[in-house]
J.: 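If you scroll down you'll find the structure; I have some questions about it.
Order of listing sets the numbers, starting from 1, for every ligand and every atom in it.
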Amino acid sequence: MRQLHCDVVVIGAGATGLTIATDLEKAGLSTIVVEARDRVGGRLRTETVEGAVLELGGQWVSPDQAGLIATLDELGLETFERYRDGDSVYVDAAGSAVRFTGDLFPTAVETQNEIERLIALLSALTDEVDPAAPWEHPRAAALDAQSFQAWLEEQSADAEARANVALFIAEAMITKPAHAFSVLQALLMAASAGGFQHLVDADYILDKRVVGGLQRVPLALADRLGDRVYLGQPARRIRWTDSDVTVTTDGLEVHARRVVVAVPPNLYGRIAYEPALPASRQQAHQHISLGLVIKVHAVYATPFWRAAGLSGTAFSPFQIVHEAYDNSGHGEATGTLVGFVASETADAMLALPAAERRERILASLATYYGPEAEDPVVYFESDWVSEEWTGGAYAASFDLGGLARFGAVLREPVGPISFASSDLAAEGYQHVDGAIRIGHETATRIAGELQD
Ligand code: FAD
């Protein structure tokens, strides 16, 4: 076993871990990053599949994501706007495709009014929630005891309005059924994105992409860290005292003053801790889990929907693919659609043989864009749930009651062990922006402690 020594060992070379190591090195502290996979980036991965460059994981940048934007600027990475000219498409419960512009889905007027009323209610509630401490809301316990679905049913008798409002948070963000997470969890999601209205406005939340792919961020950070990053080294064990740690991987024993576990919370239990973590942590870690979404990429010879006056933006709470976008690459002549299949629909799709799943998913895309969508040149499904070192997508959320009960505990260090990832972030929660923000915060705190 190779012996290594540093001030801080970071477990996980995703956006969070690499931001932490970068900041600590800048502060004059020595770091080592151990990464389980043979690549950096975690949930960021830009890959060429049958000649098509695809963003398999995170990709979009929105205007409020100051942490991510600052990193992009610092690394000199360029962005480009998502194609959005033309009409969007909404598919109703009967399976009819209706063109529309703006944010409001083209439902019956009464349903539109109901959707607007629910959004206004949620916007007002969101404004009461501090994303850094949602558990401090005066009604935190009650809001965390009620499922988002139950709250919607209490507020409105209009099933289509409920399904559409649920879509913004459940399928599109938390990627769990609306009965499986609380109102408080939904409000945290919205507050961390700067307000509920931002989640409704696809042009805001899915504004820009990085030329060459968002994985360029972790790749560039890792490049600067050079030989401090060790790939193919899953952390198996953390031995700790009040003042030091030893992290054991398959080939290394790293001795340090601090460790940061920068992996998604569902993987905390894959590491053995000696001594064991305190009781509250062991409980907390069992109440937070990743959602499930399949990101589907379909590449065509041309972006044929543009000629038909379509932007590529499409939504339906009734379709297998609940949302889809023009995801063509920068300056490419080919056209790429990206669609998302989430939570219980994803369960049903994953239970099918691959060929049948592909057929059903492409048929769903055809409902939005017409029969041409059924015949892509390249078809690929990003299946993060099958990845050992992720286990779901996009990120982690608490079960009912978990956020009020354990949210604060989860962000506390345990002796020399800190935990950080986008799943624990306040602003930018579940996003790369949150990974970078919590990375900076964690590094600043640790540097302050070690330099005292
Ligand atoms: P991760 O990226 O998960 O990094 C953790 C790292 O730890 C991984 O590299 C993993 O291999 C490693 N690891 C795990 N266990 C161990 C161990 N025991 N030892 C060593 N290493 C270990 N965000 C956006 O902002 N915009 C988007 O458009 C967007 N879309 C998304 C689409 C998909 C399909 C997915 C999956 C995510 C998306 N996200 C998006 C979310 C975003 O990608 C994540 O929030 C962010 O990348 C998480 O970064 P992280 O460093 O906190 O965690």
Side-chain angles (χ1 to χ4, degrees), residues 9-21 32-45 54-62 64-65 67-69 82 172-173 175 192-193 205-210 213-215 217-218 221-222 229-238 247-250 252 254 259-272 290-297 325 327 338 340-342 346 381-385 387-396 419-425 428-439 442:
V9 51
V10 178
I11 300 174
T16 302
L18 292 169
T19 300
I20 293 169
I32 283 169
V33 181
V34 293
E35 165 56 47
R37 289 174 161 107
D38 60 3
R39 63 169 183 86
V40 300
R43 281 170 274 180
L44 298 179
R45 186 172 180 196
L54 303 178
E55 290 278 43
L56 305 193
Q59 61 169 74
W60 279 299
V61 185
S62 68
D64 62 321
Q65 295 183 332
L68 172 56
I69 291 168
R82 177 172 63 81
M173 287 287 156
T175 62
S192 71
I205 198 84
L206 313 178
D207 181 32
K208 292 204 161 65
R209 294 175 53 196
V210 171
L214 196 45
Q215 198 191 354
V217 169
L221 293 175
V229 181
Y230 289 80
L231 299 179
Q233 296 296 336
R236 305 289 186 190
R237 181 177 304 277
I238 299 176
V247 173
T248 310
T249 72
D250 291 352
L252 307 171
V254 190
V259 59
V260 185
V261 183
V263 312
N266 57 309
L267 300 181
Y268 292 163
R270 295 278 304 278
I271 301 170
L290 261 65
L292 168 59
V293 63
I294 311 168
K295 184 175 182 181
V296 179
H297 315 260
Y325 304 94
N327 210 31
V338 65
F340 296 90
V341 180
E381 295 166 4
S382 299
D383 169 15
W384 289 87
V385 74
E387 296 236 359
E388 182 179 13
W389 301 112
T390 302
Y394 307 107
F419 298 84
S421 72
S422 71
D423 316 86
L424 307 189
Y429 165 58
Q430 292 213 355
H431 287 83
V432 183
D433 179 56
I436 290 171
R437 288 178 192 250
I438 199 167
T442 306

J.: Pick one of side chain, backbone, both or neither for how Leu56 approaches ligand 1, counting any non-hydrogen atom pair under 4.0 Å.
T.: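 Backbone only; the side chain of Leu56 stays clear of ligand 1.
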J.: Can you tell me if Thr175 uses its side chain to pair, donor with acceptor, with the backbone of Ala393 under 3.5 Å?
T.: yes
J.: How close does the nearest protein non-hydrogen atom get to atom 11 (O) of ligand 1, and which residue and atom is it?
T.: Glu35 OE2, 2.6 Å
J.: Determine whether a donor-acceptor pair (N or O, by modelled atom type, separation under 3.5 Å) exists between the side chain of Ser382 and the backbone of Leu56.
T.: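 The answer is yes, because a donor-acceptor pair under 3.5 Å joins these two groups.
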J.: Report the residue from Ile20, Val33, Val9 that forms a side chain to side chain contact (heavy atoms under 4.5 Å, CB included) with Val260.
T.: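 One option only clears the test, and that one is Ile20.
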J.: Considering only heavy atoms of Val34, which atoms of ligand 1 have at least one such atom less than 4.0 Å away?
T.: 20 (C), 21 (N)
J.: Just do the side-chain contact (heavy atoms from CB on, under 4.5 Å) check on Val40 and Leu221 with the steps written out, would you?
T.: CA-CA 10 Å; Val40 300; Leu221 293 175; over 6 Å; no
J.: Considering distance alone, does some N or O of Asp433 sit under 3.5 Å from an N or O of ligand 1?
T.: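 No; the residue has no nitrogen or oxygen that sits under 3.5 Å from a nitrogen or oxygen of the ligand.
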J.: Report yes if the side chains of Ile238 and Ile11 come closer than 4.5 Å at any heavy-atom pair, otherwise no.
T.: yes
J.: Has ligand 1 got any nitrogen or oxygen that is less than 3.5 angstrom from a nitrogen or oxygen of Ala36?
T.: yes
J.: Check whether Glu381 reaches the backbone of Ile294 with its side chain - one donor and one acceptor, N or O, closer than 3.5 Å.
T.: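 No: the side chain of Glu381 does not pair with the backbone of Ile294.
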J.: Counting non-hydrogen protein atoms only, what is the nearest one to atom 16 (C) of ligand 1? Give residue, atom name and distance.
T.: Val263 CG1, 3.6 Å
J.: Does an N or O anywhere in Ala393 fall below 3.5 Å from an N or O of ligand 1?
T.: no
J.: Going by the atom numbers of ligand 1, which of them fall below 4.0 Å from some non-hydrogen atom of Ala15?
T.: 51 (O)
J.: Would you check whether Gln59 has a nitrogen or oxygen atom less than 3.5 angstrom from a nitrogen or oxygen atom of ligand 1?
T.: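 The answer is yes, given that Gln59 and ligand 1 share an N or O pair closer than 3.5 Å.
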J.: Any side-chain heavy atom of Glu55 within less than 4.5 Å of one from Val338?
T.: no
J.: Strictly under 4.0 Å, does any heavy atom of Gly41 approach an atom of ligand 1?
T.: yes
J.: Where does the angle between the aromatic ring planes of Tyr325 and Trp60 fall among parallel (under 30°), tilted (30 to 60°) and perpendicular (over 60°)?
T.: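 The arrangement is perpendicular - the two ring planes meet at more than 60°.
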J.: Taking only heavy atoms of Ser421, which atoms of ligand 1 are found under 4.0 Å from at least one of them?
T.: 52 (O)
J.: Hey, does the side chain of Glu35 reach the backbone of Ala13 with a donor-acceptor pair shorter than 3.5 angstrom?
T.: yes
J.: Students should be able to answer this: which protein heavy-atom is nearest to atom 24 (C) of ligand 1, and at what distance?
T.: His431 CD2, 3.4 Å
J.: Answer yes or no for Pro234: is there a heavy-atom contact with ligand 1 below 4.0 Å?
T.: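 So Pro234 counts as touching ligand 1.
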J.: When you measure from the side chain of Asp433 to the backbone N and O of Leu68, does any donor-acceptor pair fall under 3.5 Å?
T.: yes
J.: Side chain, backbone, both or neither: which applies to Thr390 and ligand 1 if a contact is any heavy-atom pair less than 4.0 Å apart?
T.: neither
J.: Would you mind listing which atoms of ligand 1 come within a distance below 4.0 Å of any non-hydrogen atom of Gly42?
T.: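 The atoms of ligand 1 under 4.0 Å from a heavy atom of Gly42 are 2 (O), 4 (O), 8 (C), 9 (O).
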J.: Run the contact test for Ala395 against ligand 1 with a 4.0 Å cut-off on heavy atoms, strictly below, and give the result.
T.: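 No, Ala395 has no heavy atoms under 4.0 Å from ligand 1.
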J.: Distance to 0.1 Å, residue and atom name: give those for the protein heavy atom nearest to atom 28 (O) of ligand 1.
T.: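 Minimum-distance protein heavy atom for atom 28 (O) of ligand 1 reads Trp60 N, 2.9 Å.
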J.: Tell me the protein heavy atom at minimum distance from atom 45 (O) of ligand 1, and give that distance in Å.
T.: Ser422 OG, 2.7 Å
J.: Exactly one of Thr249, Asp38, Thr248 should register a side-chain hydrogen bond (donor to acceptor under 3.5 Å, both in side chains) with Gln233. Which one does?
T.: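 Exactly one pass, corresponding to Thr249.
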J.: Any atoms of ligand 1 less than 4.0 Å from a non-hydrogen atom of Leu44? List them with their elements.
T.: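 Answer for ligand 1: 43 (O), 47 (O).
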J.: Return yes if some donor-acceptor pair links the side-chain N/O of Arg82 with the main-chain N/O of Leu206 below 3.5 Å, else return no.
T.: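 Flag set: sc Arg82 to bb Leu206 pair under 3.5 Å.
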J.: Give the atom numbers and elements of ligand 1 that come within less than 4.0 Å of a heavy atom of Leu267.
T.: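 Listed by number with element: 14 (C), 15 (N).
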J.: Under 4.0 Å from a heavy atom of Tyr394: give me the atoms of ligand 1 that qualify, with their elements.
T.: 31 (C), 32 (C), 33 (C), 35 (C), 37 (C), 38 (C)
J.: Which bit of Trp384 is near ligand 1, meaning a heavy atom under 4.0 Å away: side chain, backbone, both or neither?
T.: side chain
J.: Just checking, Arg270 and Trp389: is the charged tip under 6.0 Å from the six-membered ring centre and within 45° of the axis?
T.: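 The answer is yes, since Arg270 meets both limits relative to Trp389.
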J.: At under 4.0 Å between heavy atoms, is it the side chain or the backbone of Ala262 that contacts ligand 1, or both, or neither?
T.: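 It is the backbone that touches ligand 1; the side chain stays farther off.
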J.: Just so I know, are the side chains of His431 and Met173 near enough to count as touching, which here means a heavy-atom distance under 4.5 Å?
T.: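 A side-chain contact exists here, since the closest heavy-atom pair is under 4.5 Å.
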J.: Ignoring hydrogens and geometry, is there a side-chain-to-backbone donor-acceptor pair from Gln65 to Ala193 under 3.5 Å?
T.: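 Absent.
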J.: So is Arg37 polar-close to ligand 1, meaning N/O to N/O under 3.5 Å?
T.: yes
J.: Looking at ligand 1, does any of its N/O atoms fall within less than 3.5 Å of an N/O of Gln430?
T.: yes
J.: Side chain or backbone, does Arg43 bring an N or O within less than 3.5 Å of an N or O on ligand 1?
T.: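 Such a contact does occur with ligand 1.
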J.: Rounded to the nearest 0.5 Å, what's the gap from CD on Gln59 to NZ on Lys295? Could you check?
T.: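 If we round to the nearest 0.5 Å, Gln59:CD and Lys295:NZ are 3.5 Å apart.
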J.: Just need the protein heavy atom nearest to atom 50 (P) of ligand 1, so name the residue and atom and give the distance.
T.: Thr16 OG1, 3.4 Å
J.: Could you list which atoms of ligand 1 come closer than 4.0 Å to a heavy atom of Val432?
T.: 23 (N), 24 (C), 25 (O), 42 (C)
J.: Which protein non-hydrogen atom lies closest to atom 49 (O) of ligand 1, naming both residue and atom, and how far is it?
T.: Ala435 CB, 3.9 Å
J.: What residue and heavy atom of the protein are closest to atom 29 (C) of ligand 1, and at what distance?
T.: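 Going atom by atom, the protein heavy atom closest to atom 29 (C) of ligand 1 ends up being Gly58 CA, 3.2 Å.
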J.: Has Arg43 got a side-chain atom pairing as donor or acceptor with Tyr394's backbone, closer than 3.5 angstrom?
T.: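 At least one qualifying donor-acceptor pair exists.
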